[in-house]
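Have a look at the structure below before the remarks.
FYI, side chains are in, hydrogens and waters are out, and symmetry mates aren't considered; it's all heavy atoms of this structure.
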Amino acid sequence: MKHVFAGDYGFSIDFASEVDLSSMTHVRMVIRQPGGTLVRYDFPPEEFAGVVPGGTLSYLVRAGDLPRHGTYVFQVGAKDQISDLAFSQWELEAKQRNAPDFWA
């Protein structure tokens, strides 16, 4: 994706996995928005059950995830009874729109 703008949604962000997520009990993504607000998303098991090392975990950006322009930092964590792992952080720069609502 070449450009992303504040308010955009409906596109996927893919995270490469170096671990077998199928054995994990919880997979969560935390988004740090500009200004420091944290938004959490718990992946349902069916979204991570088939992800093996070298596979991809995909997140569909939802309305409200990118409320303003600035840098967003995404990070995925996974845990089970004996492990608590974090993925590398992934940054996304959301540019400012010319109009907050194109369809008003």
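- The distance from the OH atom of Tyr59 to the CH2 atom of Trp90 is 12.0 Å, given to the nearest 0.5 Å.
- Every residue two or more places apart in sequence or in another chain that forms a side chain to side chain contact (heavy atoms under 4.5 Å, CB included) with Gln96 is listed here: His69.
- Partners of Ser23 according to the side chain to side chain donor-acceptor pair (under 3.5 Å) rule, which considers only residues two or more places apart in sequence or in another chain, do not exist here.
- Taken from CD1 in Ile13 to CG in Leu92, the straight-line distance is 5.5 Å, to the nearest 0.5 Å.
- In terms of the side chain to side chain donor-acceptor pair (under 3.5 Å) criterion, Arg68 has no residue partners (sequence neighbours excluded).
- In this structure, the side chain to side chain donor-acceptor pair (under 3.5 Å) partners of Glu47, at least two apart in sequence or on a different chain, are Tyr41.
- Residues Gln75 and Phe87 approach most closely at NE2-O, 2.7 Å, considering heavy atoms.
- Taking the side chain to side chain contact (heavy atoms under 4.5 Å, CB included) definition, one finds that Pro67 meets it with Gln33, Tyr72, sequence neighbours left out.
- Qualifying side chain to side chain contact (heavy atoms under 4.5 Å, CB included) partners for Tyr9, counting only residues two or more places apart in sequence or in other chains: Val61, Ala63.
- Annotation: the span from His3 atom NE2 to Asp8 atom CG amounts to 11.5 Å, rounded to 0.5 Å.
- Annotation: side chain to side chain donor-acceptor pair (under 3.5 Å) contacts of Asp42 (sequence neighbours excluded): Arg28.
- Of all the heavy atoms in Leu66 and Phe5, the pair that sits closest is CD1-O, 4.4 Å.
- Partners of Arg62 by salt bridge (charged side-chain N to carboxylate O under 4.0 Å, His left out), not counting sequence neighbours: none found.
- Other residues sharing the hydrophobic cluster of Leu38, ordered by chain and number and joined by side-chain separations under 4.5 Å: Val30.
- By the side chain to side chain contact (heavy atoms under 4.5 Å, CB included) test, Glu91 is found to be paired with Thr71, Val73, residues two or more places apart in sequence or in another chain being considered.
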Can I get a per-line list of side-chain donor-acceptor pairs under 3.5 Å for residues 49-57, giving both atom names and the distance, sequence neighbours left out?
none

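- Atom CD1 of Ile31 and atom CZ of Arg40 lie 11.0 Å apart (nearest 0.5 Å).
- Sorted by first then second residue, the salt bridge (Lys or Arg N to Asp or Glu O under 4.0 Å) pairs that include residues 69-83, not counting sequence neighbours, number zero.
- Under a cut-off of 6.0 angstrom, the local environment of CD in Gln81 is sparse, with at most 12 non-hydrogen atoms contributed by other residues, nucleotides or ligands.
- Using a 4.5 Å heavy-atom cutoff, the side chains of Leu21 and Phe43 are not in contact.
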